[in-house]
Every structure is written in structure tokens, then in C-alpha cells.
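Worksheet: the structure to be examined is printed underneath.
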There are 2 protein chains.
Amino acid sequence: MKPKIQDVAKAAGVSPTTVSRVLNNRGYISQSTKDKVYHAMEMINYIPNDLARSLYNQKTNLIGVIVPSTSNPFYGELVAEIEHACNTKGYKVLLCNSLHEADKEQEYWDMLQRNQVDGVIVVTYNRGVVPKNHSAPAVAIDHYISSHMHVVSSDNYKGGEAATQELLTQGCQKPIHINGPLTLDTPANLRRQAYEDVMRKNHKEPMTYEIPDVAYLNINMETIKRIFQDHPDVDGIFASDDLLAIKVMQYATSLGYSIPNDLKVVGYDGTDLIQTIYPELTTIVQPIAALAETALTVLEKQMQHENQPEKENVLPIQVKEGHTT
Amino acid sequence: MKPKIQDVAKAAGVSPTTVSRVLNNRGYISQSTKDKVYHAMEMINYIPNDLARSLYNQKTNLIGVIVPSTSNPFYGELVAEIEHACNTKGYKVLLCNSLHEADKEQEYWDMLQRNQVDGVIVVTYNRGVVPKNHSAPAVAIDHYISSHMHVVSSDNYKGGEAATQELLTQGCQKPIHINGPLTLDTPANLRRQAYEDVMRKNHKEPMTYEIPDVAYLNINMETIKRIFQDHPDVDGIFASDDLLAIKVMQYATSLGYSIPNDLKVVGYDGTDLIQTIYPELTTIVQPIAALAETALTVLEKQMQHENQPEKENVLPIQVKEGHTT
DNA sequence: TTTTTTATGTCAACCGGTTGACATATCATG
DNA sequence: CATGATATGTCAACCGGTTGACATAAAAAA
């Protein structure tokens with residue numbers, strides 16, 4: 001059997017209460033007793049049972065993280081940053097990949113509640129999927145999950161503006177925007193709004209296409225093909241994420257377009273991975289580490305029941321000029 | 001306060017024991033009582049406390065997963081597959097990113113033990129970093145962590161053979177191999193062994209380079225530059241992972257090499273992501289989903305104290321012919 | 001010397017749920 | 001009607017650690 005506090009007490013020749021006092025640094029303890037206790041713990045290989053501690057303390061230091069899938073580099077990096085931020089502050093991460101499925105997401109919420117997580121960071125789509133009694137503090141990254149949930153996002157409007165402006169500045173006459181499903185209520189929709197606003201401001205008609213499915217790594221090429229069929233004279237494309245931008249470029253190149261001469265492309269997200277293997281891509285860089293840290297900070301405030309006036313937390317984006325514009 | 005079993009009992013007009021019996025499907029319970037209890041749980045929004053359950057049952061259904069970082073697409077996809085496999089079987093994933101740091105890894109091991117995980121899946125480097133009393137069942141993917149730990153890996157020798165053979169078949173006279181740090185004791189070293197064996201079998205002198213640091217997303221270009229300085233006539237490169245292969249190709253192209261005419265390149269891993277955005281890359285595809293599933297299966301057997309004769313579990317790889325060879 | 005402060009022990013209750021032992025009552029079956 | 005299967009209740013112990021109340025004794029300060 002695993003050694004317990006009783007065993008440590010016996011080995012150290014003290015009472016269980018004293019061992020607990022040493023472990024939690026409470027009350028008066030002499031240095032010699034501390035040494036004895038720590039030594040005994042080493043000797044018998046004692047490992048505190050956090051389950052029992054958490055049960056009594058009503059605090060698990062567990063943070064639930066729900067993302068579509070760590071397969072996608074954006075979420076992979078975001079999860080890595082979240083985990084890092086959590087680890088720094090002593091929290092542990094329970095990982096959930098919702099795979100864009102609403103029922104899975106619901107199940108994960110329930111699971112997290114059963115496991116008494118102290119908080120949830122959710123980066124996912126399905127609005128309305130909130131635990132019946134959303135007792136645990138929660139914060140969303142880049143998605144409006146429910147009206148009362150705090151949101152951390154990057155400045156999607158500015159990002160959309162910058163991307164569109166970049167295309168226009170580089171001389172595009174007919175920049176087209178491609179985005180994900182608009183049924184999702186996400187701040188990312190502001191990118192499209194910004195695109196449309198900038199286009200109109202420049203007396204151009206906005207043209208947008210929508211990728212119907214959210215199947216990240218297997219992007220449906222139909223929409224991309226349709227763009228080039230409908231508009232063979234397209235000279236600029238603002239894609240709502242880098243993977244999409246790359247797919248567009250691949251297809252355009254196969255059709256004989258030269259980038260950036262015939263066609264300019266701007267992506268979105270700017271993950272380290274894509275910047276490493278596709279450094280030529282012009283893209284809007286989201287502050288992934290800052291998103292993670294801010295989300296955790298906001299969550300911590302909630303956990304400590306501090307009131308937070310701002311429901312939304314918007315972080316600045318960066319434009320990374322590559323060679324595709 | 002959160003409702004507990006007592007509250008459900010009161011609301012349903014039964015005893016706490018009966019509620020527990022309903023929850024755990026033990027003993028005799030009438031359908032009407034079941035209904036009453038479930039209804040009461042709905043009414044008062046009861047959520048079972050898995051902490052308390054786990055404490056008594058001595059089983060948490062938690063699996064610790066230690067990887068270098070989900071930022072890397074290979075680990076990102078592997079973690080996604082592991083999490084999926086776990087979820088299917090009712091396990092929950094505690095995620096740990098070791099960032100290749102031995103002390104972090106040690107800390108994570110301790111943390112997982114404190115949290116009473118039922119098992120650990122470890123995909124990481126630092127041999128020797130094993131919990132003093134490695135009480136929890138554990139299985140390693142693609143790394144020899146300690147002599148008594150079970151290992152699941154893909155057929156690295158065959159992969160190395162296939163990659164080298166591919167280059168030779170395509171007419172390379174001087175294929176060079178680049179691998180990660182050899183100080184790490186990983187089955188991946190078999191790739192290099194296979195490369196050397198195949199080269200010798202073909203009466204060629206093996207030439208290998210080693211990337212000293214394991215800094216995934218910021219590959220040290222020095223080694224790559226040196227290769228082209230030392231061997232301007234290189235006509236084939238077998239890189240030990242896809243990211244490295246891509247970096248090599250970028251640098252070679254910048255020097256004026258044409259791929260695959262002047263230089264042929266084979267990568268390794270074949271993640272969905274790289275295959276999506278770099279479909280032209282010839283690479284050796286690791287069976288990521290199978291690695292995850294097998295690791296969990298092996299782990300489960302350990303958790304159920306079934307004896308397993310084979311310490312190593314080797315899964316087949318696939319060659320994906322692209323246009324870089 | 002008296003009073004604090006420091007140091008440690010004993011004991012029981014608690015966190016929330018599980019389980020075995022035992023009692024009791026209803027119902028169906030032989 | 002006797003018997004066994006079904007259904008539910010009561011109670012206490014347990015999982016492993018925490019904590020407050022209270023007692024006691026030695027060391028330090030007044």
C-alpha cells in the first residue's frame with residue numbers, strides 16, 4: 001500500500017497532526033521536527049494524495065481546457081501556452097478535444113464539473129452548450145459561448161482592417177475574403193465586418209465566400225475552386241486562417257497564377273509553426289501567448305470572486321509582412 | 001453549496017444509500033425508485049463528486065500525458081489521438097508539456113503521482129527521469145525512458161530503410177542523413193542505423209549530421225548550412241522529421257538547388273498537417289492514431305495487472321511518395 | 001519567578017461518496 | 001403458508017488528509 005500521513009508520522013516519530021502542520025506550514029513547528037518529517041517522507045517514499053487534499057480544501061487547482069483539437073496548430077500552440085501559464089501558477093490542465101461536436105462538448109463540461117475543476121478555459125464553437133448550472137468559473141477565448149461568459153480575444157476588427165488594407169495598398173483591385181461558417185458566434189466574424197467596411201470605404205464591392213464545414217485539416221476545396229471559377233480575375237485574397245491561405249495559394253499556383261504578381265494572399269493566425277515552414281506568407285499574427293495568459297488571469301479573478309467590469313478583453317494583433325503580398 | 005447525495009436523497013424521499021445504489025447500479029432497486037432518484041438529481045442539479053468517488057474507489061480514471069509540447073504538430077496530433085482514445089474508454093487526460101526540460105519532467109511526474117493518475121503515457125526524452133517509486137503504470141511512445149518501461153513505437157528501422165532506399169532508387173549518389181541529438185535514447189536512432197546499413201549494403205559511405213539542440217520550432221540552421229558548405233554536391237537528404245526536411249528544402253532552394261532535380265529530400269512523421277500544407281513532400285508516415293491506441297491498450301493491461309510478455313510494440317510505417325524525390 | 005511564546009500531542013469532525021452488515025417489509029412462487 | 005427473491009432503510013467504517021479545540025511541556029522573555 002502507498003504510504004500515508006500516518007506512516008510518515010510513525011517513521012518520523014511524531015503525530016499525524018504534526019506531519020500535516022509541516023506539510024501546510026501551519027502553527028508552530030521547530031526546524032528539527034521539519035527535518036525529521038521531510039526525511040521520513042523521503043525514506044518511505046511518501047507522496048501526498050491531492051485527491052484527499054482537494055476534497056477537504058474544496059479546491060483542486062484543476063483547469064479544464066476545451067478546444068476543437070490540438071491537431072490544429074493554432075489550438076496546439078494555444079493549448080501549449082495555456083498549459084504553460086497554468087503550470088507557472090500551479091494549476092493542472094485537464095484537456096478536452098471537442099472536435100466541433102456539440103454533444104461531446106456538453107459531455108466534457110459535465111465531466112469537468114464532476115471533477116471539480118476550479119475553472120474552465122473554452123475555445124470552441126457551440127453556443128448554447130453551457131452547463132445547466134455553470135457553477136465553475138469560465139472564460140472563453142475568441143468565442144461568445146453565452147451572454148454572461150467573459151471573452152478574451154485578439155483585435156479581430158483591426159486584424160481584418162489590416163489584412164484588407166494590406167491587399168489594397170499592394171494594388172489589389174478585387175480582393176476577396178474567405179471565412180469560416182458564419183453561423184458560429186465568434187469575434188472572428190469581426191474580421192469579415194472589417195473587410196467589408198474597408199472595401200466600402202474604398203468604394204469597392206465586398207466579395208465574401210464561406211467555407212461551410214469546419215473540418216480543419218481537410219479543407220473542402222469546393223469553395224476555393226468556385227472562387228476562381230467565379231472570378232478568374234481575382235487579384236487578392238484575405239483568408240480567415242493560414243491553412244486556408246496556403247490551400248488557396250496551392251490551388252492558385254496549380255492554375256498558373258503567380259504569387260504575389262497575379263494574386264496576393266493574406267492569412268490569419270500567424271502561428272509559430274506556419275511562420276517557420278511558410279515564412280513567406282503575409283499574415284495577421286494573433287498574440288497566442290498573451291491570449292492564454294490573459295484568459296488565465298481573467299479566470300483567476302473569477303475564481304477569487306473579484307468583480308470584473310470588462311466582459312471583453314481585446315488584445316492587439318500584429319501584421320507580418322511576407323512575400324505573398 | 002453544491003448539492004450532495006444527502007440532498008438528492010431528501011429530494012427523492014429515499015435514503016442516501018439508495019441513491020448511491022442507483023448511481024452505481026448495485027443491489028436491488030425498483031424502476032420507480034430509479035426514476036425518482038434521477039428526477040431528483042435533475043431537479044436539484046446534482047453533480048456527482050468524482051474526487052470523493054475516486055478517493056474511495058482508489059481509481060481516478062485519470063491518465064497523465066507527458067509530451068515535449070503540443071506546439072509541435074507531431075505531438076499535437078499524437079496528443080489529440082491519445083485524448084480521443086482515452087475519452088472513448090472513459091479516461092481523462094492530464095496534459096503536461098515538458099518542453100524538453102528534465103526538471104520540468106520530474107516535476108510533472110511527481111504532480112501526476114500526487115493526483116493519483118491511473119497511468120502515464122510519456123513521449124519525451126530524458127532518460128533517467130523516472131519517479132523514484134514508479135508506482136503508476138506507465139508506457140512510453142518512441143522513447144526508452146527506463147529499462148523496465150514498456151515502449152510503443154513505429155518501425156523506425158524499416159522507416160529508415162525505406163527513406164534511404166527511396167533516395168537511392170531515385171538515383172541519389174550521395175544521400176546524407178540528418179538526425180536529432182543522439183544522446184537521447186530513442187528508437188528513432190534506429191532510423192540512422194538503417195540509413196547506415198542500407199548505405200553500406202550499397203557500397204556507399206554513410207554521411208550523417210546531427211542537430212545538436214532539440215528546439216523544435218526554431219531549428220538551428222547552422223547544421224543545415226554546414227551540410228551544403230561541406231557537400232555542395234549533395235543530391236539527397238533524409239531528414240529525421242518533416243519540419244527539418246522543409247527547412248532543408250527552403251535553404252537549398254535559396255541556394256539555387258532545384259528540388260527534386262538537383263536535390264531529393266525525404267522527411268519523417270507524415271503528420272496530417274504537413275501532408276495538408278506540404279503535400280509534395282515525400283515522407284515516412286508514422287501511424288499516429290495507432291501509436292496512441294496501442295499505448296493506451298498496453299497501459300490498460302498494466303492497470304489491470306495483466307502480464308505482458310512483449311516489452312516493445314512496433315507498428316508499421318508507410319511511405320508517402322510526394323514530389324520531392 | 002511568573003508570564004508568554006513556542007512546540008507538539010490527542011481527539012473528533014469533516015470533505016463527499018461507497019460499502020458491508022444487518023434489519024425489515026413486500027411480493028411472487030411453490 | 002412457508003420460502004426465497006426483491007426492495008429499501010439504518011448505521012458505521014473507510015478513502016487520505018485537514019483543522020479546530022484543548023492539553024501539556026519546554027524554552028524564552030519579563
Side-chain angles (χ1 to χ4, degrees), chain A residues 1-41 44-62 110-111 113-118 135-136, chain B residues 1-41 44-62 110-111 113-118 135-136:
Chain A
M1 269 298 94
K2 285 182 192 168
K4 46 176 85 171
I5 268 197
Q6 303 276 356
D7 304 313
V8 178
K10 228 171 267 174
V14 298
S15 76
T17 304
T18 300
V19 176
S20 178
R21 285 201 261 250
V22 170
L23 273 168
N24 297 286
N25 241 322
R26 284 167 20 88
Y28 296 117
I29 333 118
S30 72
Q31 190 56 47
S32 73
T33 303
K34 278 188 191 175
D35 293 345
K36 265 194 300 182
V37 169
Y38 283 123
H39 184 250
M41 297 197 306
I44 66 171
N45 262 322
Y46 171 73
I47 295 167
N49 186 327
D50 272 0
L51 246 51
R53 281 163 161 256
S54 298
L55 182 58
Y56 184 88
N57 293 327
Q58 304 282 58
K59 180 149 204 283
T60 55
N61 287 311
L62 277 173
D110 295 347
M111 180 274 274
Q113 302 252 95
R114 284 199 303 275
N115 282 274
Q116 314 299 117
V117 294
D118 291 342
S135 51
Chain B
M1 269 297 94
K2 284 182 194 169
K4 46 177 83 171
I5 268 197
Q6 302 276 355
D7 304 313
V8 178
K10 229 171 266 175
V14 299
S15 75
T17 303
T18 299
V19 177
S20 179
R21 285 202 262 250
V22 170
L23 273 168
N24 297 287
N25 242 322
R26 285 169 19 88
Y28 296 117
I29 332 119
S30 72
Q31 191 57 48
S32 74
T33 303
K34 277 188 191 174
D35 294 344
K36 266 194 299 182
V37 169
Y38 282 123
H39 184 250
M41 296 197 307
I44 66 172
N45 261 322
Y46 171 74
I47 295 167
N49 186 327
D50 272 0
L51 246 50
R53 282 163 160 256
S54 297
L55 182 57
Y56 184 88
N57 293 327
Q58 304 282 58
K59 179 148 206 279
T60 55
N61 287 312
L62 277 173
D110 294 347
M111 180 274 273
Q113 303 252 96
R114 284 198 304 275
N115 282 274
Q116 316 297 119
V117 294
D118 291 341
S135 51

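So you know, we letter chains A, B, ... as the sequences are listed, proteins then strands, and number each from 1.
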For [N], does OP1 or OP2 lie under 4.0 Å from any side-chain N or O of [X]?
X: S20(B); N: dT18(C); value: yes
X: S15(A); N: dT8(C); value: no
X: Y28(B); N: dT6(D); value: yes
X: Q58(A); N: dC14(C); value: no
X: N24(A); N: dT18(D); value: yes
X: Y46(A); N: dG17(D); value: yes
X: R53(A); N: dC15(C); value: no

To the nearest angstrom, how far is [X] atom [atom1] from [N] atom [atom2]?
X: L51(B); N: dG16(D); atom1: CG; atom2: P; answer: 14 Å
X: Q31(A); N: dT8(C); atom1: CD; atom2: P; answer: 10 Å
X: Y56(B); N: dG17(D); atom1: OH; atom2: C1'; answer: 17 Å
X: Q6(B); N: dG9(D); atom1: CD; atom2: C1'; answer: 13 Å
X: I47(A); N: dG16(D); atom1: CD1; atom2: P; answer: 13 Å
X: D7(B); N: dC15(C); atom1: CG; atom2: P; answer: 11 Å
X: N57(A); N: dG16(C); atom1: CG; atom2: P; answer: 12 Å
X: R21(B); N: dG20(C); atom1: CZ; atom2: P; answer: 11 Å

Closest approach to the side chain of [X], judged atom by atom: which nucleotide of [options] is it?
X: K4(A); options: dC15(D), dA7(D), dT8(C); value: dC15(D)
X: I5(A); options: dT10(D), dG17(D), dG9(C); value: dG17(D)
X: N49(B); options: dG16(C), dT18(D), dT19(C); value: dG16(C)
X: A52(A); options: dG16(D), dG20(D), dG20(C); value: dG16(D)

Worksheet item: S30(B) near the nucleic acid: base, sugar-phosphate alone, or nothing, with a heavy-atom cut-off under 4.0 Å?
Response: sugar-phosphate
Discussion item. Counting the atoms with a prime plus P, OP1 and OP2 as sugar-phosphate, which does V14(B) contact under 4.0 Å by heavy atoms, base, sugar-phosphate, or nothing?
Written reply: sugar-phosphate
Practice prompt. First locate atom CG of N45(B), then atom CG of D7(B), and finally report the distance between them rounded to the nearest 0.5 Å.
Written response: 12.0 Å
Worksheet item: Side-chain donor or acceptor of S54(B) under 3.5 Å from a matching atom on the base of dC15(D)?
Response: no
Worksheet item: Below 3.5 Å, does any donor atom in the side chain of R26(A) face an acceptor in the base of dG20(D), or the other way round?
Response: no
Practice prompt. Would you confirm whether N49(B), through its side chain, and L51(B), through its main-chain N or O, come within 3.5 Å as a donor-acceptor pair?
Written response: yes
Is there a side-chain contact between [X] and [Y] in this structure, where contact means two heavy atoms from C-beta onward sitting under 4.5 Å apart?
X: R53(A); Y: N61(A); value: no
X: I5(A); Y: L23(A); value: yes
X: S54(B); Y: Q116(B); value: no
X: T17(A); Y: R26(A); value: no

Fill in: Contact nearer the 5' end of DNA chain D, comparing G13(B) with V19(A)
G13(B)
